[in-house]
Amino acid sequence: VFGDVTEINTSALSSSIASALRGEMEGWSLLLNIISLCFFAIILIIALVMTLLIPRSLATVANAIETSRIKSFLWGCLATLAIVPFFMLLAISIIGIFLIPLAFTVLLLAAIIGFIAVASILGNLIIARLFHGYNKSLIKETLVGLSILWIVGWIPYAGMVVKALAITLGLGGVLLTLSRRRVIR
């Protein structure tokens, strides 16, 4: 538009890495796209394993989110706000230092499970609206929901907000499910 010509050559990953290391935005763009695709593939694999091996647990979390959306969101916000103070408390204690990797892993798994549950809810809504008389399939619903969340995630700014809301809602749903199990027992 202003007379500048920008050429982006994405034929080789090594040249993109070298470009990123030099601080050029074109290299970072390709690397971030590849990282995003890898994260999506990992989440997709985890979702397939969950829907095949433990569908009842995923359905329980999705049901908790559907029945108590506001409560799930508030639990997720509370958990998100408590992450930094919790890890700071772990870091200042001797035993807590050794628990940091475990706590981080548990938190990451809870966020992933919640995100997948939100994706299955989204997939169910979309499939139910498009195909009347549809036989429910948790695998199809989850794959459709994850694909839509991934595509929406590419929208600048709004996509990041939608993904953050989905993660917060999902994390809250996992915590809500766990708290209900403790109360019932």
Side-chain angles (χ1 to χ4, degrees), residues 32-83 86-87 90 99-155 158-185:
L32 291 176
N33 289 340
I34 291 171
I35 290 170
S36 173
L37 187 61
C38 290
F39 275 134
F40 177 69
I42 290 169
I43 298 281
L44 198 64
I45 290 168
I46 293 170
L48 286 174
V49 169
M50 282 187 65
T51 56
L52 291 173
L53 298 180
I54 51 170
R56 189 175 299 157
S57 298
L58 184 61
T60 303
V61 173
N63 187 32
I65 294 170
E66 277 186 309
T67 58
S68 305
R69 286 187 187 108
I70 294 174
K71 216 181 240 188
S72 295
F73 183 73
L74 291 176
W75 273 92
C77 287
L78 181 67
T80 303
L81 292 174
I83 289 172
F86 176 72
F87 279 102
L90 286 178
L99 294 176
I100 289 175
L102 177 66
F104 181 75
T105 304
V106 168
L107 179 68
L108 185 64
L109 285 175
I112 289 172
I113 290 169
F115 186 74
I116 292 169
V118 169
S120 71
I121 294 169
L122 179 65
N124 182 21
L125 287 173
I126 289 174
I127 291 175
R129 303 251 176 180
L130 293 178
F131 304 106
H132 300 289
Y134 161 73
N135 293 334
K136 290 186 72 82
S137 170
L138 187 61
I139 294 174
K140 289 178 187 175
E141 294 167 358
T142 305
L143 292 178
V144 167
L146 282 174
S147 299
I148 288 172
L149 283 174
W150 185 62
I151 290 169
V152 167
W154 285 96
I155 299 172
M160 190 182 310
V161 170
V162 168
K163 280 186 173 182
L165 288 174
I167 291 170
T168 303
L169 186 64
L171 180 61
V174 169
L175 294 175
L176 186 63
T177 302
L178 290 174
S179 71
R180 286 181 180 171
R181 282 194 178 168
R182 298 252 183 221
V183 171
I184 292 172
R185 289 182 184 180

Taken to the nearest 0.5 Å, the spacing of Met50 CE from Ile43 CD1 works out to 10.5 Å
dist Lys136:NZ -> Asn124:CG (nearest 0.5 Å) comes out at 3.5 Å
Which of Thr177, Leu178, Leu176 passes side chain to side chain contact (heavy atoms under 4.5 Å, CB included) with Val174? It is Leu178
Heavy-atom nearest pair, Ala47 first then Thr142, reads CB-CG2, 3.8 Å
List, one per line, each side-chain donor-acceptor pair under 3.5 Å for residues 100-119, sequence neighbours excluded.
from: Thr105; atom 1: OG1; to: Pro101; atom 2: O; distance (Å): 2.7

Here the gap from Leu44 atom CG to Phe39 atom CZ, rounded to the nearest 0.5 Å, amounts to 14.5 Å
Closest non-hydrogen atoms of Ile121 and Glu66, given as atom of the first, atom of the second and distance, are CD1-CG, 3.7 Å
Nearest heavy-atom contact between Thr51 and Pro55 is O-CB, 3.4 Å
Rounded to the nearest 0.5 angstrom, the CD1-CG distance for Ile148 and Leu143 is 11.0 Å
Output for pair (Leu37 CG, Ile42 CD1), nearest 0.5 Å, gives 10.0 Å
CD1 (Ile139) and OG (Ser120) are apart, to the nearest 0.5 Å, by 12.0 Å
Please tabulate, one pair per line, all N/O donor-acceptor pairs under 3.5 Å involving side-chain atoms of residues 70-83, not counting sequence neighbours.
from: Ser72; atom 1: OG; to: Ser68; atom 2: O; distance (Å): 2.9
from: Thr80; atom 1: OG1; to: Gly76; atom 2: O; distance (Å): 2.7

Note to self: Is it true that, when you exclude Phe86 itself, more than 12 heavy atoms of the residues, nucleotides or ligands shown sit nearer than 6.0 Å to its CZ?
What the structure shows: no
Residue pairs meeting ring-ring contact (aromatic ring centres under 6.0 Å, His included), one or both in residues 42-68, sequence neighbours left out, come to none
